[in-house]
Protein chains: 2
Amino acid sequence: MNEIDKKLLDKEVRPTAMRTLVYQQLAKQNTAVALTDIELAFTKADRTTLYRTVKTFEEKGIVHQIDDGTGISKYALCEPGCNCEIENDLHLHFHCSNCDKTVCLTEHKIPQISLPDGYVAEDVNLVVKGICSDCSGS
Amino acid sequence: MNEIDKKLLDKEVRPTAMRTLVYQQLAKQNTAVALTDIELAFTKADRTTLYRTVKTFEEKGIVHQIDDGTGISKYALCEPGCNCEIENDLHLHFHCSNCDKTVCLTEHKIPQISLPDGYVAEDVNLVVKGICSDCSGS
DNA sequence: AATTATAGTGCAATGGAAGTGCATTAACTT
DNA sequence: AAGTTAATGCACTTCCATTGCACTATAATT
């Protein structure tokens, strides 16, 4: 059994051929990808399957969903350092308005936020928009 | 001429009847509203008109658009303290996962974010999700 | 090994929101 | 009042997310 299947099993996801391939594909990326991107990579598979595969991954904590403000959900593998479910360990995301790519800045943690009385925080989402290093040419 | 029309003119927006009404409606809210909400408040007006009205307001700095992660754009009037266009003066938003309302926490500014080399920030969006004061019952 | 149960996949269709083109109407200008 | 420009309403399109149902593959049971 390969590494990926072990990881899937570890997260209580049955490692089907499709799921292994999708995981592989996600692991290749250095940016967060939209469902459409995955679709393009697997022209033979159905969109619904990919959709549900990613949803399953998300529920089981294998990927995290990113809302970068484009209106299109992006997904990225949860890295070892990415404990999405643990508060105060959330990283921020950067969306480049030039190349339209979204990257996880895993090492950049979101600072503690103070809220007014009565507000209970459960999740924090921080997206910075601008020009990424590839596009700024520096 | 009433107060609202003065404000619209001040922002270089011609104060039509529709626009004045939409402004009025937005001023009534204490939460950010979706286009659908505005639509429901003006059943006689066309959705496109409301859509374009809000777009115009946004372009002219009368309202700001909020992406609270639900995938539906919300809008809220820019308050005197809300200088959306000026960087580092962005406030954060809170989305209640119980009542599904989004509020502007105008007094809570977003802290300065440090980015890796080559990244240029143009806009920052910070949304906290959780339970609002109305729903937490405290 | 055959049978049953469960989970995964593919196809088709729906729904919701955003956005566009064009004709009509209202509002300003001279 | 005539002409120009902006605003509005209607119809339509597009895009992504999501669901229902049938079919297939996988795992469990006998």
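Numbers restart at 1 for each chain; the letters A, B, ... are given by sequence-line order, proteins then strands. FYI, side chains are in, hydrogens and waters are out, and symmetry mates aren't considered; it's all heavy atoms of this structure.
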Note to self: Taking 4.0 Å as the cut-off, does a side-chain nitrogen or oxygen of S73(A) come that near to OP1 or OP2 on dC16(D)?
What the structure shows: no

Next item on the list: Ignoring backbone atoms, establish whether T36(B) has a side-chain N or O less than 4.0 Å from OP1 or OP2 of dG16(C).
Entry: no

Mind calculating the distance between [atom1] ([X]) and [atom2] ([N]) to the nearest angstrom?
| X | N | atom1 | atom2 | result |
| --- | --- | --- | --- | --- |
| E12(A) | dG8(C) | CD | C1' | 17 Å |
| L35(B) | dA18(C) | CG | P | 6 Å |
| R19(B) | dC28(C) | CZ | P | 11 Å |
| K74(B) | dG16(C) | NZ | C1' | 14 Å |
| D67(B) | dC16(D) | CG | C1' | 15 Å |
| L8(A) | dT26(D) | CG | P | 15 Å |
| Y23(A) | dG8(C) | OH | P | 17 Å |
| M18(B) | dC10(D) | CE | P | 12 Å |

Item checked: Pair D67(B)-S73(B), side-chain donor/acceptor within less than 3.5 Å -> no

Notebook entry, point to check: If you find the nucleotide of DNA chain C closest to Q65(B) and the one closest to R14(B), which residue's nucleotide is nearer the 5' end?
Noted result: Q65(B)

Next item on the list: Compute the ring centroids of Y75(B) and F57(B), then answer whether they are less than 6.0 Å apart.
Entry: no

Item checked: Ring centres under 6.0 angstrom apart (H93(A), H108(A)) -> no

Next item on the list: Compare every heavy atom of V127(B) with every heavy atom of D68(B), then report the nearest pair and how far apart it is.
Entry: O-CG1, 3.8 Å

Next item on the list: Report the C-alpha distance between T70(B) and D100(B) in whole Å, list the side-chain angles of each, state the deciding distance to 0.1 Å, and finish with yes or no for side chain to side chain donor-acceptor pair (under 3.5 Å).
Entry: CA-CA 9 Å; T70(B) 57; D100(B) 201 46; 5.7 Å; no

Item checked: Nearest-nucleotide 5' precedence on DNA chain D, T16(A) against V13(B) -> V13(B)

Notebook entry, point to check: In chain order, what residues pass the salt bridge (Lys or Arg N to Asp or Glu O under 4.0 Å) check against R47(A), with sequence neighbours excluded?
Noted result: E39(A)

Item checked: Partners passing salt bridge (Lys or Arg N to Asp or Glu O under 4.0 Å) against K60(B) (at least two apart in sequence or in another chain) -> none

Check: For DNA chain C, what residues of residues 37-60 of chain B have any heavy atom nearer than 4.0 Å?
Finding: R47(B), T48(B), Y51(B), R52(B), K55(B)

